[in-house]
Q: 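Submitted below is the structure of interest, expressed as structure tokens.
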Protein chains: 2
Amino acid sequence: MNTLAYGLLGLVARTPSSGYDLMLQLQPYWQAKHSQIYPLLAKLEHNGYMQFTRVHQTDRPDKKVYSITEKGKTALKLWLAEPTAEPVARDELVLKACCLSFADARTSRALFHERIDHCREQLQMYQHIMQEIEQQSEGSPNDPSHPSFGDYILLSWGCRRMQEDIKWCEWVLELLEKKNQE
Amino acid sequence: MNTLAYGLLGLVARTPSSGYDLMLQLQPYWQAKHSQIYPLLAKLEHNGYMQFTRVHQTDRPDKKVYSITEKGKTALKLWLAEPTAEPVARDELVLKACCLSFADARTSRALFHERIDHCREQLQMYQHIMQEIEQQSEGSPNDPSHPSFGDYILLSWGCRRMQEDIKWCEWVLELLEKKNQE
DNA sequence: ACCACCATGTAACAAGTTACATGATTAA
DNA sequence: TTAATCATGTAACTTGTTACATGGTGGT
């Protein structure tokens, strides 16, 4: 049982879903490809944490809808109380910034403009999902007992972060421009 | 040549260093164990991006000090101009937050208190390194041509982020407390 | 016709972690 | 004497990515 396995278990605990759907739900929070998810689900089912029913669809391919078992729910609650692993960030920009003095002015500027664009895209995506869950929960997303409370706080975190990162990039660009004017 | 390889190349370009030293320098920016770094350095040397000299030490074990070659410098500059990979974050807290409605009040609160502690530790570390490079560069860390400019902007980014993350955790804890009082 | 989306899976590979291995110096 | 720091390496394993494989539906 690794972190991703518990993540899938947590999503399935909220809403029974297919592997494909879990992959999409997971995207904003933990990037994982379907090739990693499908074997994990099979393993979780094999070990009794989940069960699935094959759902026939006429217009689309059939799907396996996974739902949590009692054993799965117990494991999930134990996991939530266990100490949380420290976050790991892998950002190529950070490594490039480390040797920024070897880049020419144009390259340096492009680096942070590129990041601003990326942050704006992410921000839009977060705001879009936020609107969706606000409509679904009809104005009570700040109720901790509501299933979408987790999404609500995570999305507002994402928005905050992206806004701050944009500000940081703009600050760096100012420092870079200053040098260029001299 | 993967991202970590370029990261090592970038550090070596600034200051010739041993594998052990590179591992320590890299820690704040990209977590990598020595078991990943040593074979990579050997590969980089084998492919002509770096060279090393064995430095004898009396009080400590001998070390291999790596320095960049012309081929390495060329590769480094090309990398800096290439499009940057999107950042990847893997944070167990995010997955736990997704199914926060399955946790009891005590467990939920502990989760965010734990994160606040972690952020405070990180913040202290960043501030400490910041002070060191401020002393080294004697009040000109905001000069983009200075080799420590990269560290300066990255550390201030780290500080900003940790401060914002603490604020976010405190906001979440307020929402959790509110519910508890009702 | 071609592309995107839905849906599931495997195989090969790359990246990263943990454990094994050695050995000197120095501080508590 | 016990642990931490310096210093380098390999082996086994886990995690994550890319590519291979299949096939129907719906839009441009």
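We name chains A, B, ... by the order of the sequence lines, and we start the count at 1 in each one.
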Q: For B/Leu11, is there any backbone N or O sitting under 3.5 Å from a side-chain donor or acceptor partner on B/Thr15?
A: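 No, B/Thr15 side chain to B/Leu11 backbone: no donor-acceptor pair under 3.5 Å.
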Q: Can you see if the side chain of B/Gln57 gets near the phosphate of D/dA7 - specifically, an N or O under 4.0 Å from OP1 or OP2?
A: yes
Q: Rounded to the nearest Å, what distance is computed from the CG atom of residue B/Asn2 to the P atom of nucleotide D/dT17?
A: 14 Å
Q: Once you round it to whole Å, what is the distance between P of C/dA15 and CG of B/Leu40?
A: 8 Å
Q: Calculate the interatomic distance between B/Asp59 atom CG and D/dA4 atom P; express it in whole Å.
A: 21 Å
Q: Grab the CG-P distance between A/Leu41 and C/dT10 for me, whole Å please.
A: 12 Å
Q: Quick one: on DNA chain D, does B/Lys64 or A/Pro61 contact a more 5' nucleotide (nearest heavy atom)?
A: B/Lys64
Q: Counting the atoms with a prime plus P, OP1 and OP2 as sugar-phosphate, which does B/Lys33 contact under 4.0 Å by heavy atoms, base, sugar-phosphate, or nothing?
A: base
Q: Inspect the contact between B/Arg161 and B/Glu164 and indicate whether a charged nitrogen and a carboxylate oxygen are less than 4.0 angstrom apart.
A: no
Q: Can you tell me the distance, in whole Å, between the OH atom of A/Tyr38 and the P atom of D/dT17?
A: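 Going from OH in A/Tyr38 over to P in D/dT17 covers 16 Å.
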Q: Check every atom of C/dT18, D/dA7, C/dG9 against the side chain of B/Lys63 and return the nucleotide holding the closest atom.
A: D/dA7
Q: Assigning hydrophobic clusters by single linkage (Ile, Leu, Val, Met, Phe, Trp, Tyr; side-chain heavy-atom cutoff under 4.5 Å), is A/Val12 placed with A/Tyr20?
A: yes
Q: It should be established whether A/Arg60 places a side-chain nitrogen or oxygen under 4.0 Å from OP1 or OP2 of nucleotide D/dG26.
A: no
Q: Is a donor-acceptor contact shorter than 3.5 angstrom present between the side chain of A/Ser18 and the base of C/dT8?
A: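 Flag unset: no donor-acceptor pair detected.
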Q: Measure CE/A/Met23 against C1'/C/dG9 and give the value in whole Å, please.
A: 13 Å
Q: Roughly how many Å is it from CE in A/Met1 to P in D/dT14, rounded to a whole number?
A: 15 Å
Q: For the rings on B/Trp168 and B/Phe112, is their centre-to-centre separation under 6.0 Å?
A: yes
Q: Measuring to OP1 and OP2 of D/dG16, would you say a side-chain N or O of A/Gln36 lies under 4.0 angstrom away?
A: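 So the side-chain polar atoms of A/Gln36 do come within 4.0 Å of the phosphate oxygens OP1 or OP2 of D/dG16, strictly under.
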Q: If you group Ile, Leu, Val, Met, Phe, Trp and Tyr by side-chain heavy-atom gaps below 4.5 Å, do B/Met1 and B/Leu40 land in one group?
A: yes
Q: Any side-chain N or O of B/Tyr20 under 4.0 Å from OP1/OP2 of D/dT8?
A: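 Answer is no, no contact under 4.0 Å.
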Q: Does A/Arg90 have a side-chain nitrogen or oxygen under 4.0 Å from the phosphate oxygens OP1 or OP2 of C/dA15?
A: no
Q: Could you state the atom-to-atom distance from CG of B/Asp21 to C1' of D/dA7 in whole Å?
A: 11 Å
